[in-house]
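Below: one structure, written as structure tokens.
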Amino acid sequence: MDALADTRPRAEKIIAVLGPTATGKTELTFGLCKAFGGEMVGADSMQVYRGLPVGTAAPRPEECPAVPRHLIGVLPPEIPFSVADYVANAAGIIAHLHSIGKTPVLCGGTGLYIESLVNGLDFAEVGMPQNARVQMEAEWDEAGAAEMLRRLAALDPEHAAKLHLNDKKRILNALWQTREQRATYAERAARSRPAEKPYDALLIGVDARDRALLYKRIEARVNGMLAGGLLDEAKTVYEHRKAYKTAAQAIGYKEFFPYFAGGAPLDACAEKLKQATRNYAKRQLTWFRRMKDVHWLFLEDGGLEETASALTEAFLRGE
RNA sequence: GCCUCUGUAGCUCAGUUGGUAGAGCAGUGGACUGAAAAUCCACGUGUCGUUGGUUCGAUUCCGACCGGAGGCA
């Protein structure tokens with residue numbers, strides 16, 4: 001009885017290190033894994049892809065050979081990937097880690113993935129396949145934005161009211177899902193959300209108090225990527241851009257397409273890349289700042305590893 | 001030295017037939033349930049280079065000066 005009470009809650013614990021790009025999440029995660037017998041589980045929509053380590057800043061085995069990593073560099077770039085795939089895969093890995101007594105430490109910058117996983121969202125129903133997407137696009141071109149939004153409003157007025165006329169991606173998706181599943185957005189959302197959260201999660205966020213510091217680190221990181229062979233990687237992506245449906249969207253590659261296509265100067269593309277990374281970091285922050293129960297650590301304060309370790313220790317002990 | 005063009009938001013520029021000005025980008029904030037490193041929304045006062053003149057009123061017209069670009073010597 002005692003043994004059962006001792007092990008059961010522990011099996012549901014997960015740790016997540018999150019925050020904007022270039023804040024040192026990976027290092028911090030390695031540190032925690034080593035200290036607490038954890039394994040790293042990627043929470044990043046682009047680092048899942050194989051063969052793109054430079055541009056996606058994917059953690060490499062040689063950086064920390066002792067720590068096993070999951071969902072990083074495992075998928076051929078031709079394969080599309082989505083939240084549903086992420087949650088399904090990550091949940092499986094986490095269950096396995098728990099079964100062998102390891103603590104999963106999520107690490108990544110994709111807010112949607114982390115939140116969906118932590119909340120245990122269930123994406124059992126089918127997602128929109130490629131050919132349906134093409135069809136919906138055609139319907140959009142033929143009917144126009146206002147009419148498409150009206151069609152959605154006829155089926156799901158509540159959700160349609162929340163979408164902006166320009167938000168084509170969401171309108172098309174919502175319309176397709178609503179027709180396909182004969183259920184409104186709210187109904188689908190309720191269905192996908194479990195009654196109880198599946199994990200006991202410790203969320204550790206890393207940020208800079210001064211935005212300028214974050215931007216300086218981004219600048220340095222991009223320069224490092226360029227020195228580390230980013231251009232070769234970008235060239236590969238450029239040449240396969242049609243086949244790499246999801247991967248070609250990654251920041252770090254598409255900014256160089258104008259250069260490969262001929263014309264655009266290289267340094268202008270590099271500038272554009274830094275810009276895009278800054279914009280991205282800001283979007284990540286608005287996502288993460290909204291999340292509840294994040295323990296924020298700030299780069300300026302120093303001692304991140306110590307603070308994170310202390311939090312983790314208390315968390316694993318059961319507070 | 002002379003001639004032409006030019007000086008407006010952090011950047012690139014528009015504009016006011018004279019009533020003190022607005023786009024894109026950047027920046028900031030926000031949204032986000034199957035492409036999320038994606039997609040979308042909101043937010044624009046700045047001695048309109050300086051200084052005189054004309055005018056009820058000048059950033060707008062005229063003059064001078066200062067800065068920038070080009071041309072002729």
Side-chain angles (χ1 to χ4, degrees), chain A residues 20-22 42-49 52 54-58 75 77-89 108-130 132-134 136-137 145 149 156 159 161-174 176-178 180-181 183-194 211-212 214-215 218 221-222 225 234 237 241 243-255 268 271-291:
Chain A
T21 187
D44 190 294
S45 65
M46 295 300 160
Q47 289 179 358
V48 282
Y49 287 110
L52 309 172
V54 180
T56 65
L75 202 69
E78 293 82 9
I79 312 267
F81 193 72
S82 73
V83 218
D85 302 315
Y86 177 74
V87 172
N89 281 282
T110 306
L112 176 67
Y113 286 13
I114 296 175
E115 202 163 5
S116 299
L117 179 76
V118 167
N119 290 324
L121 294 196
D122 175 15
F123 297 93
E125 271 121 356
V126 189
M128 177 157 59
Q130 188 51 230
R133 199 177 285 171
V134 173
M136 294 303 293
E137 294 265 354
L149 192 55
D156 186 352
H159 189 232
K162 284 189 212 149
L163 293 180
H164 191 276
L165 197 62
N166 294 344
D167 208 345
K168 179 176 173 182
K169 192 168 163 171
R170 288 202 174 77
I171 294 174
L172 291 188
N173 203 264
W176 187 84
Q177 295 274 359
T178 309
E180 199 67 16
Q181 299 179 25
T184 65
Y185 181 91
E187 288 163 351
R188 282 180 271 129
R191 242 185 252 164
S192 67
R193 187 165 234 112
R211 187 66 57 86
L214 181 59
Y215 288 174
I218 287 173
R221 154 170 292 196
V222 171
M225 285 178 175
V237 175
R241 78 203 101 108
Y244 293 6
K245 284 263 183 278
T246 306
Q249 297 184 343
I251 293 170
Y253 307 122
K254 57 181 184 292
E255 289 75 18
E271 237 1 88
K272 188 80 195 130
L273 166 55
K274 287 168 186 171
Q275 194 99 264
T277 309
R278 275 179 249 136
N279 297 162
Y280 172 51
K282 202 177 87 61
R283 264 176 279 135
Q284 289 179 298
L285 273 169
T286 104
W287 187 292
F288 292 130
R289 280 188 297 212
R290 188 187 57 156
M291 282 175 77

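All figures in this text were calculated on a predicted structure; none of them were measured in a lab. Below, chain A is the first sequence line, B the second, and so on; all start at residue 1.
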Nearest-nucleotide pick for [X], side chain only, options being [options]:
X: A:R211; options: B:G29, B:A37, B:C40; value: B:G29
X: A:H164; options: B:C40, B:U33, B:A38; value: B:C40
X: A:Y185; options: B:G27, B:U33, B:A37; value: B:U33
X: A:E137; options: B:A37, B:A35, B:U33; value: B:A35
X: A:Q249; options: B:U33, B:A37, B:G29; value: B:A37
X: A:T56; options: B:U33, B:A37, B:A35; value: B:A37
X: A:N279; options: B:G27, B:U39, B:A37; value: B:G27
X: A:A250; options: B:A37, B:U33, B:A35; value: B:A37
X: A:K254; options: B:A38, B:A31, B:U33; value: B:A38
X: A:Q275; options: B:A35, B:G27, B:C40; value: B:G27

Does [X] have a side-chain nitrogen or oxygen under 4.0 Å from the phosphate oxygens OP1 or OP2 of [N]?
X: A:N166; N: B:C41; value: yes
X: A:Y215; N: B:U28; value: yes
X: A:R289; N: B:G29; value: yes
X: A:Y253; N: B:A37; value: no
X: A:Q284; N: B:A36; value: no
X: A:T110; N: B:A37; value: yes

Find the distance [X]:[atom1] to [N]:[atom2] and express it as a whole number of Å.
X: A:D167; N: B:C40; atom1: CG; atom2: P; answer: 7 Å
X: A:L285; N: B:U28; atom1: CG; atom2: P; answer: 10 Å
X: A:R283; N: B:U28; atom1: CZ; atom2: P; answer: 12 Å
X: A:W176; N: B:U33; atom1: CH2; atom2: P; answer: 16 Å
X: A:W287; N: B:C40; atom1: CH2; atom2: P; answer: 16 Å
X: A:M128; N: B:U39; atom1: CE; atom2: P; answer: 15 Å

Touch class at under 4.0 angstrom, heavy-atom based, for A:A124 against every strand present: base
Sugar-phosphate, base or nothing in reach of A:K168, heavy atoms under 4.0 Å: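 Answer is nothing: A:K168 stays at 4.0 Å or more from every strand.
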Same-atom distance (P) from B:G44 to B:A23, integer angstrom: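 The answer is 10 Å between these two P atoms.
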Same-atom distance (C1') from B:C13 to B:C48, integer angstrom: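 Result for the C1' pair: 13 Å, nearest Å.
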5′-ward residue of the pair A:T286/A:R133 relative to RNA chain B: A:T286
Short side-chain donor-acceptor distance under 3.5 Å, A:R221 and A:T21: yes
Residue matched to B:A14 through Watson-Crick or wobble contacts both under 3.5 angstrom: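 Here B:A14 is not engaged in any pair, so there is no nucleotide opposite it.
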Watson-Crick or G-U wobble mate for B:U20, both contacts under 3.5 Å: none
Under 3.5 Å donor-acceptor pair, A:K169 side-chain atoms to B:A38 base atoms: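 Check passes, donor-acceptor contact within cut-off.
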Presence of salt bridge, A:K274 and A:E255, under 4.0 angstrom: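 Answer for the salt bridge query: no.
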Aromatic ring pairing A:Y185/A:H159, orientation class (parallel under 30°, perpendicular over 60°, tilted between): parallel
